[in-house]
K.L.:
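Structure in structure tokens, see below.
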There are 2 protein chains.
Amino acid sequence: MPSDLPLTSRSLPIALLRARESVMGPIRTMLADVDITEQQWRVLRVLQEEGPQDPTRIAHRACLLLPSLTRILQKLGEKGLIDRQPDPDDRRKQIIRITDDGLKIIRNNLTASIQAAERIRAHLGPERYEALLDLLNELNDMDN
Amino acid sequence: MPSDLPLTSRSLPIALLRARESVMGPIRTMLADVDITEQQWRVLRVLQEEGPQDPTRIAHRACLLLPSLTRILQKLGEKGLIDRQPDPDDRRKQIIRITDDGLKIIRNNLTASIQAAERIRAHLGPERYEALLDLLNELNDMDN
DNA sequence: CCCCTTTAATTAACATGTGAAGTATTTTTC
DNA sequence: GAAAAATACTTCACATGTTAATTAAAGGGG
């Protein structure tokens, strides 16, 4: 049954929204089992991959705004997954570090996370997957 | 200065996040002037394009979860931009309709909204723009 | 050294995202 | 035709998104 309705699948903002939902859905489910949100996971991964760093850099690497990150770091601190120390050189800053418990969570879920990414790459095919990333990155360059 | 860090621009979830931010940023700014959020705008557009309908359909068309939509409809009702009536055939349902004031907001911003979309299309070029939409839609089909 | 600006992080206030539970109504099934 | 299952919201609780205001500490002239 054909329709004259404008297809929301041809609206770029909505298509981006849905695509992200499809990609993140399985990962969110996996993380829910260990009571970690998608954003908390991103913060832990940044700390594990790049080492201890200040909140401003974390926010930039994990694509979070500082007010959100402040709350997330509080939660992660309560869970004992991160550690905070004052920066000796600049007392406005802190140095955030992932704890052993935090690393444990990374180790227990990283494999499944990588497999989820590989599944998507396989579904599209490597070339189209890379092409998609290129197109998305080009949208970002528009502002800057 | 080269770096061994994994580029977040090659992470699909983060690339999708940033791309959506680039696309929506200008539109959000435009809507902030009339005190309307991005989500409220989507609801109004759905009602204007497709006519009166029940919340479940609105949620589907505007890509919102029902709990979010409940709150959004309350706000839009308070602003006098929509109207709600009980469905005579099924008392569980309601019929939501956009008001004249709601239509006024659409008219005052639709042109700028369309121009923003055209700007992106022009930046990528029509073929690559369509290719991007195709790739994004393919990600959705993975679940179903 | 003091005033001014900038920067880092937090807090506040409001809106949405998200999963789970609750309520009312309709449909199904035996 | 009543109990059971499904549907259409709504409400709750918690987490994040987003903008603006706030606090504390550095830096930069004069």
Side-chain angles (χ1 to χ4, degrees), chain A residues 13-14 16-18 20-44 53-60 62-79 81-82 84-96, chain B residues 13-14 16-18 20-22 24-44 53-60 62-79 81 84-96:
Chain A
I14 291 185
L16 288 167
L17 203 54
R18 288 184 174 147
R20 183 146 209 291
E21 197 42 43
S22 293
V23 169
M24 288 311 300
I27 297 181
R28 251 203 299 271
T29 302
M30 166 188 90
L31 295 176
D33 293 339
V34 283
D35 207 45
I36 292 285
T37 68
E38 170 195 336
Q39 291 85 350
Q40 290 167 4
W41 171 255
R42 282 215 302 277
V43 170
L44 290 180
Q53 53 194 281
D54 59 274
T56 297
R57 178 168 168 186
I58 298 175
H60 188 257
C63 280
L64 294 166
L65 296 180
L66 266 177
S68 297
L69 183 61
T70 294
R71 289 174 303 211
I72 292 169
L73 292 178
Q74 278 166 357
K75 289 288 167 193
L76 290 175
E78 292 168 12
K79 292 176 195 242
L81 305 181
I82 62 162
R84 3 184 25 156
Q85 288 180 8
D87 186 321
D89 298 332
D90 187 336
R91 282 182 301 181
R92 293 170 304 180
K93 296 186 186 177
Q94 304 170 29
I95 300 177
I96 314 292
Chain B
I14 291 186
L16 288 167
L17 202 56
R18 288 184 173 148
R20 182 148 209 291
E21 197 41 42
S22 293
M24 288 312 300
I27 297 181
R28 249 203 299 273
T29 301
M30 168 189 87
L31 294 176
D33 293 340
V34 283
D35 207 45
I36 292 285
T37 68
E38 170 194 336
Q39 292 83 351
Q40 291 167 3
W41 171 255
R42 283 214 302 277
V43 170
L44 291 180
Q53 54 193 281
D54 60 272
T56 297
R57 178 168 169 187
I58 297 175
H60 188 257
C63 280
L64 294 166
L65 296 179
L66 267 175
S68 296
L69 183 60
T70 293
R71 289 174 304 212
I72 292 170
L73 291 179
Q74 277 166 358
K75 289 288 166 194
L76 290 176
E78 293 169 10
K79 293 177 193 233
L81 305 181
R84 1 183 26 154
Q85 289 181 9
D87 185 321
D89 298 332
D90 188 335
R91 282 182 301 183
R92 292 170 304 182
K93 295 187 185 176
Q94 303 171 29
I95 299 178
I96 314 293

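These numbers come from a predicted model, not from an experiment. In what follows, chains carry the letters A, B, and so on, assigned in the order in which the sequence lines appear, proteins first and then strands, with residues in each chain numbered from 1.
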K.L.:
With a 3.5 Å cut-off and just heavy-atom distances, do the side chain of A/R92 and the base of D/dG27 make a donor-acceptor pair?
P.N.:
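Absent.
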K.L.:
From CZ of B/R84 over to C1' of D/dT10, roughly how many Å is that when rounded to an integer?
P.N.:
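From B/R84 CZ to D/dT10 C1': 10 Å.
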K.L.:
Would you say A/K93 places a side-chain N or O within less than 4.0 Å of OP1 or OP2 belonging to D/dA25?
P.N.:
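It does not, given that no N or O in the side chain of A/K93 lies less than 4.0 Å from OP1 or OP2 of D/dA25.
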K.L.:
Starting at the 5' end of DNA chain D, which residue's closest nucleotide do you reach first, A/C63 or A/D90?
P.N.:
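Nearest nucleotide further toward 5': that of A/C63.
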K.L.:
Using a cut-off of less than 4.0 Å, is there contact between a side-chain N or O of B/Q94 and OP1 or OP2 of D/dT7?
P.N.:
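So the side-chain polar atoms of B/Q94 never come under 4.0 Å of the phosphate oxygens OP1 or OP2 of D/dT7.
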K.L.:
Does a side-chain N or O from A/T37 land closer than 4.0 Å to OP1 or OP2 of D/dT16, or not?
P.N.:
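Checking A/T37 against D/dT16: at least one side-chain N or O falls below 4.0 Å of OP1 or OP2.
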K.L.:
Is there a donor-acceptor contact under 3.5 Å from the side chain of B/K79 to the main chain of B/D35?
P.N.:
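Side chain of B/K79 to backbone of B/D35, a donor-acceptor pair under 3.5 Å: yes, one is there.
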K.L.:
How many angstroms lie between CD in B/Q74 and CG in B/L69, if you round to the nearest 0.5 Å?
P.N.:
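Rounded to the nearest 0.5 Å, the CD-CG separation comes to 10.0 Å.
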K.L.:
Round to a whole Å and report the spacing from CG of A/L65 to P of D/dA15.
P.N.:
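A/L65 atom CG is separated from D/dA15 atom P by 18 Å.
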K.L.:
How many Å lie between CG on A/D87 and P on D/dA24, as a whole number?
P.N.:
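Between P of D/dA24 and CG of A/D87: 19 Å.
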K.L.:
Can you work out whether A/T29 or B/Q39 has the more 5'-proximal nearest nucleotide on DNA chain C?
P.N.:
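First, find each residue's nearest nucleotide; the 5'-ward one identifies B/Q39.
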K.L.:
For A/E38 and for A/T56, locate the closest nucleotide of DNA chain C by heavy-atom distance; then report the residue assigned to the nucleotide nearer the 5' terminus.
P.N.:
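Nearest-nucleotide comparison on DNA chain C picks A/T56.
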K.L.:
Going by side chain to side chain donor-acceptor pair (under 3.5 Å), name the residues that satisfy it together with B/D90, two or more places apart in sequence or in a different chain.
P.N.:
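So B/D90 forms a side chain to side chain donor-acceptor pair (under 3.5 Å) with B/R92.
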K.L.:
Give a yes or no on whether the backbone of A/L16 and the side-chain of B/R20 come within a donor-acceptor separation of less than 3.5 Å.
P.N.:
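Judged by distance alone, no pair lies under 3.5 Å.
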K.L.:
Let me see the working for A/R57 and A/D54 under side-chain contact (heavy atoms from CB on, under 4.5 Å), right down to the final yes or no.
P.N.:
CA-CA 6 Å; A/R57 178 168 168 186; A/D54 59 274; 4.1 Å; yes
K.L.:
If you find the nucleotide of DNA chain D closest to A/P88 and the one closest to A/R71, which residue's nucleotide is nearer the 5' end?
P.N.:
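It is A/R71, whose closest nucleotide lies nearer the 5' terminus.
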K.L.:
What are the 5'-most and 3'-most nucleotides of DNA chain C lying under 4.0 Å from any heavy atom of chain A?
P.N.:
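Footprint of chain A along DNA chain C, 5' to 3': C/dT7 to C/dT18.
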K.L.:
If I take atom CZ in residue B/R28 and atom P in nucleotide D/dT19, what distance separates them, rounded to the nearest angstrom?
P.N.:
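Distance check: B/R28 CZ to D/dT19 P gives 6 Å.
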K.L.:
Quickly work out the A/D89 CG to D/dA25 P distance and round it to whole Å.
P.N.:
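Whole-Å distance recorded here is 15 Å.
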K.L.:
Within the structure shown, what part of the strands sits under 4.0 Å from A/L64 by heavy-atom distance: base, sugar-phosphate, or nothing?
P.N.:
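Sugar-phosphate contact only.
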K.L.:
For the residue pair B/T70 and B/P55, establish whether any side-chain heavy-atom pair is separated by less than 4.5 Å.
P.N.:
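With C-beta onward as the side chain, the pair stays apart.
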K.L.:
Determine whether B/L73 and B/Q94 make a side-chain contact, defined as any pair of heavy atoms from C-beta on separated by less than 4.5 Å.
P.N.:
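A side-chain contact under 4.5 Å is absent here.
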K.L.:
Whole-Å distance between D/dT16 P and A/I72 CD1?
P.N.:
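Distance, rounded to whole Å: 4 Å.
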K.L.:
Can you measure B/R18 atom CZ to D/dG17 atom P for me and round it to whole angstrom units?
P.N.:
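Answer to the nearest Å: 14 Å.
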K.L.:
Please state how far atom NE2 in B/H60 lies from atom P in D/dA8, giving the value in whole angstrom units.
P.N.:
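To the nearest whole Å, that distance equals 12 Å.
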